[in-house]
K.L.:
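I'd like to ask you about the structure that follows.
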2 protein chains.
Amino acid sequence: MKNTIKVERAILDITQDELAKEIGVSRQTINSIEKNRYVPSTVLALKLSKLFGKPVNDFFVLEDQD
Amino acid sequence: MKNTIKVERAILDITQDELAKEIGVSRQTINSIEKNRYVPSTVLALKLSKLFGKPVNDFFVLEDQD
DNA sequence: CAAAAATGTAAAGTATATTTGTCATTAAGT
DNA sequence: ACTTAATGACAAATATACTTTACATTTTTG
């Protein structure tokens, strides 16, 4: 699964730390998701969806390997 | 977070077991998600999205407590 | 350039997702 | 009513998300 969280962050012009605080997780969690170190929970994805103002499928996309 | 997986299953007319096999998880995992025993990963949500033919936000919705 | 802010990463600990196996209960079919 | 299929649930084991702390590197800004 790939994601475009970095792009969404750029659109909102916020840092990883600010995004983390907005949705109530640690900065490292945001960093790890952006760098594909692990797959977030659906609740976290929905919180990002709410903040970004667009559906989960817009910034999280399945890859062939998934 | 609440979900309408049971409804989506009814639309496709498939059992928990069949759904589980389609997306490559155990039947208990599907059952547990339907019954809100735990929150699935975003990859699992995207696989359901693909199978259901609709965005994740359509069948997974945040609640006030989230 | 120098300082500060932002990012990347790692280790250790905790919480929770997911599996497999199993059994009880309910629903559906004959 | 009987049989089978489907669902709900639990326990133990394993995998992985997420936290906190900490530090190095990169980027931004004065």
Side-chain angles (χ1 to χ4, degrees):
Chain A
M1 184 186 71
K2 59 183 178 180
N3 73 80
T4 54
I5 295 177
K6 190 170 186 173
V7 175
E8 298 301 331
R9 246 188 343 101
I11 293 173
L12 294 183
D13 191 27
I14 56 176
T15 67
Q16 291 181 345
D17 196 44
E18 287 167 341
L19 174 54
K21 277 165 184 149
E22 286 276 2
I23 67 176
V25 294
S26 71
R27 177 183 70 80
Q28 287 81 343
T29 292
I30 296 299
N31 185 280
S32 294
I33 293 168
E34 271 192 26
K35 304 298 287 186
N36 291 305
R37 253 190 295 280
Y38 53 64
V39 174
S41 74
T42 300
V43 164
L44 207 164
L46 288 176
K47 286 180 181 174
L48 289 173
S49 170
K50 188 176 179 182
L51 186 66
F52 296 160
K54 48 185 70 169
V56 170
N57 298 65
D58 273 24
F59 49 92
F60 280 123
V61 180
L62 282 182
E63 290 179 295
D64 306 329
Q65 61 198 50
D66 298 319
Chain B
M1 183 186 71
K2 60 183 178 180
N3 73 81
T4 55
I5 294 178
K6 190 170 187 173
V7 175
E8 299 300 332
R9 243 184 351 96
I11 292 174
L12 294 183
D13 191 28
I14 56 176
T15 67
Q16 291 181 347
D17 196 44
E18 287 166 341
L19 174 53
K21 275 164 184 148
E22 286 276 2
I23 66 176
V25 294
S26 70
R27 179 184 69 81
Q28 288 83 342
T29 293
I30 297 299
N31 185 279
S32 294
I33 293 168
E34 271 192 24
K35 304 298 287 185
N36 290 304
R37 253 190 296 280
Y38 54 64
V39 174
S41 74
T42 300
V43 164
L44 206 164
L46 288 175
K47 285 180 179 172
L48 290 173
S49 170
K50 188 177 179 182
L51 186 66
F52 295 160
K54 49 186 69 168
V56 170
N57 299 64
D58 272 25
F59 49 92
F60 279 123
V61 180
L62 282 182
E63 291 180 294
D64 306 329
Q65 60 198 50
D66 298 318

K.L.:
Could you check how far CG of B/L48 sits from P of C/dT18, rounded to whole Å?
P.N.:
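From B/L48 CG to C/dT18 P: 10 Å.
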
K.L.:
Give a yes or no answer on whether the side chain of A/S41 reaches the backbone of B/S41 with a donor-acceptor pair at less than 3.5 Å.
P.N.:
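No, the answer is negative, given that no donor and acceptor are paired below the 3.5 Å cut-off.
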
K.L.:
Quick one: B/K21 NZ to D/dT7 C1', roughly how many Å, whole number?
P.N.:
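The distance from NZ of B/K21 to C1' of D/dT7 comes to 14 Å, rounded to the nearest Å.
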
K.L.:
Could you state the NZ-P distance from A/K47 to D/dA17, rounded to the nearest angstrom?
P.N.:
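Spelled out: NZ on A/K47 to P on D/dA17 is 17 Å.
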
K.L.:
I need the residues from residues 27-40 of chain B with at least one non-hydrogen atom less than 4.0 Å from DNA chain C; give them sorted by number, or say none.
P.N.:
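Close to the strand are B/R27, B/Q28, B/T29, B/Y38, B/V39, B/P40.
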
K.L.:
Just how far, in rounded Å, is P of D/dA17 from CG of A/L46?
P.N.:
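Interatomic distance, CG of A/L46 to P of D/dA17: 17 Å.
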
K.L.:
Measure the spacing between OG1 of A/T42 and CG of B/L48 and express it to the nearest 0.5 Å.
P.N.:
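So the OG1 of A/T42 and the CG of B/L48 are separated by 8.5 Å.
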
K.L.:
Any donor and acceptor pair, going by atom type alone, linking the side chain of B/D66 with main-chain N or O of A/V43 inside 3.5 Å?
P.N.:
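No; zero donor-acceptor contacts below 3.5 Å.
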
K.L.:
I'd like to know if the side chain of A/N57 and the backbone of B/V56 have a donor-acceptor N/O pair within less than 3.5 Å.
P.N.:
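Between the backbone of B/V56 and the side chain of A/N57 there is a qualifying donor-acceptor contact (under 3.5 Å).
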
K.L.:
Please identify which of these residues, B/R27, B/K6, B/R9, meets the salt bridge (charged side-chain N to carboxylate O under 4.0 Å, His left out) condition with B/E34.
P.N.:
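Of the listed residues B/R27, B/K6, B/R9, the salt bridge (charged side-chain N to carboxylate O under 4.0 Å, His left out) partner of B/E34 is B/R9.
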
K.L.:
Without decimals, in angstroms, what is the distance between B/L44 CG and C/dT16 P?
P.N.:
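In whole Å, C/dT16 P lies 18 Å from B/L44 CG.
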
K.L.:
Ignoring hydrogens, what is the shortest heavy-atom contact between B/M1 and B/V39? Give both atom names and the distance.
P.N.:
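Looking at all heavy atoms of both residues, the closest pair is CE-CG1, 4.1 Å.
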
K.L.:
Of all of residues 8-19 of chain B, which get a heavy atom below 4.0 angstrom from DNA chain C, listed by number?
P.N.:
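Of all residues in residues 8-19 of chain B, none places a heavy atom under 4.0 Å from DNA chain C.
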
K.L.:
Heavy atoms under 4.0 Å, any strand shown: does B/S41 hit a base, just sugar-phosphate, or nothing?
P.N.:
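Sugar-phosphate, backbone atoms only, no base.
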
K.L.:
So do A/N31 and A/R37 actually touch side chain to side chain, heavy atoms under 4.5 Å?
P.N.:
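In short, these two side chains touch, coming nearer than 4.5 Å.
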
K.L.:
Starting from P on D/dT16, measure out to CG on A/D66 and report it in whole angstrom.
P.N.:
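One finds 13 Å between P of D/dT16 and CG of A/D66, rounded.
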
K.L.:
Are B/F59 and B/N3 close enough that some pair of their side-chain heavy atoms sits under 4.5 Å apart?
P.N.:
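The answer is no, as the side chains (C-beta and beyond) never meet within the 4.5 Å cut-off.
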
